[in-house]
Amino acid sequence: MIEEEITIISPIRFVRDDVLKLIPYMPSTDPCKIKLDANESPYDVPLEVKNRIWEKLQDEHFNHYYDPSCGKLREGLSKYTGAKPEQIFVGSGADEIILDIILAFAGPGRDVIIPSPTFSSYEIFATVAGSNVIKVPIVCKKNQDSWAWDLDEIQIKQHFTKDKPQLLFLCYPNNPTGDYFDEEKVVNLINNFNGIVAIDEAYFEFGGKTFVERLHEFPHVVVIRTFSKIFSLAGLRVGYAVGHEDLIQQLYKVKLPYNVSLFSQIAAVEILKETDWLKDVQSKLIKARQQLKAELENIKGIKVYPSSANFFLCEFEKPRDFVYEELLKRGILTRRLNEDPLKNTLRFCIGTQEQNEFLVSSLREILS
Ligand code: PMP
């Protein structure tokens, strides 16, 4: 018998050139005691609320598909945001909202403007959708004794006329830099843009500024929000968009048919009712932010950028990989960002009082 030679050829040769160049989004799996790398809430959903969610789930049919339009949740969100249920769309995390906005309004061959550095999903999903990504660097300016990262309004506007983009992302406050861009500049860009402006308000509850109240003035603006931060539901994947009814309707055409699970919808409806708990978490984290900033600023060799979110971006005199590793040795996981202006920075979110105190004492030791 003649043995046939089997040559195994890697399927990689079939992959799209643009996908080949992408780096998968793989958060660190370094073991840690204190997880400050993903801007999550340090407070889990209270046990009595979890129990209420379990009870509600028991009455449901797991064998049936659940509401693809997230009707009950949109009603709850209508009360929370003040927008009409028809102006709200729910997705599997803000990530899905970002993808659906790109699929509906950008897609193959269309131009998307992304100020940079910012949240990585905009660029990744726009590339995957076949759009042309136009990255415009943000600028860092000193304001008295503080620093502010802001939009380069002139450069962005040049692309409005040169490239005729269809979609502009603005992260407000910006992740990873931490603070809002100048509001006047944002409004000016909105007023001058002949396309969709997606304003990502994932951290809205920590800073309070919003464009939801101005949506009647700006039918081409869509606001993105999430249940992963203040609402403590990162593991359940719920996000939402608020915008003009006609704009919102387009998102139903590109979403996955049953994009938000039964579990996630019920949990999100229940957590929205927990207004006292939410206020308490909000005030604890905002107070902790003030305290943490003051303490960090007292440490030598660290520059702390202002934050209106639940995290800080810090720059170090010592090499940041050294600081990262030393923090990790003490059980604290932070986030390294690789865009050029952030090469010597770390981003970490605000934890419990105890976690924040340990972070400060560790940094004092490491940077001394
Ligand atoms: N937008 C911003 C600005 C974020 O920081 C994040 C998550 N860190 C998201 C969107 C995605 O949120 P979700 O967990 O709801 O997908």
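Order of listing sets the numbers, starting from 1, for every ligand and every atom in it. Remember, it's a predicted structure, so these values are computed and weren't measured experimentally.
- In terms of the salt bridge (Lys or Arg N to Asp or Glu O under 4.0 Å) criterion, residue partners of Lys209 (sequence neighbours excluded) are, by chain and number, Glu183.
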Check ligand 1 for N or O atoms under 3.5 Å from a protein N or O and list each pair with its distance.
from	atom 1	to	atom 2	distance (Å)
ligand 1	1 (N)	Asp200	OD1	3.4
ligand 1	1 (N)	Asp200	OD2	2.6
ligand 1	5 (O)	Asn175	ND2	2.8
ligand 1	5 (O)	Tyr203	OH	2.6
ligand 1	8 (N)	Lys229	NZ	2.9
ligand 1	14 (O)	Ser228	OG	2.7
ligand 1	14 (O)	Arg237	NH1	2.9
ligand 1	15 (O)	Ala94	N	2.6
ligand 1	15 (O)	Thr226	OG1	2.5
ligand 1	15 (O)	Ser228	OG	3.2
ligand 1	16 (O)	Ala94	N	3.1
ligand 1	16 (O)	Asp95	N	3.0
ligand 1	16 (O)	Asp95	OD2	3.4
ligand 1	16 (O)	Arg237	NH2	2.6

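- Here Phe62 pairs with nothing under the ring-ring contact (aromatic ring centres under 6.0 Å, His included) rule; sequence neighbours left out.
- The pair Glu245-Lys84 counts as a salt bridge, with a side-chain nitrogen and a carboxylate oxygen less than 4.0 angstrom apart.
- The closest donor-acceptor contact from the side chain of Asn344 to the backbone of Lys318 lies under 3.5 Å.
- The cationic atom of Arg225 (NZ for Lys, CZ for Arg) lies less than 6.0 Å from the six-membered ring centre of Phe204 and within 45° of the ring axis.
- Partners of Lys185 by salt bridge (Lys or Arg N to Asp or Glu O under 4.0 Å), not counting sequence neighbours, listed by chain and number: Asp150.
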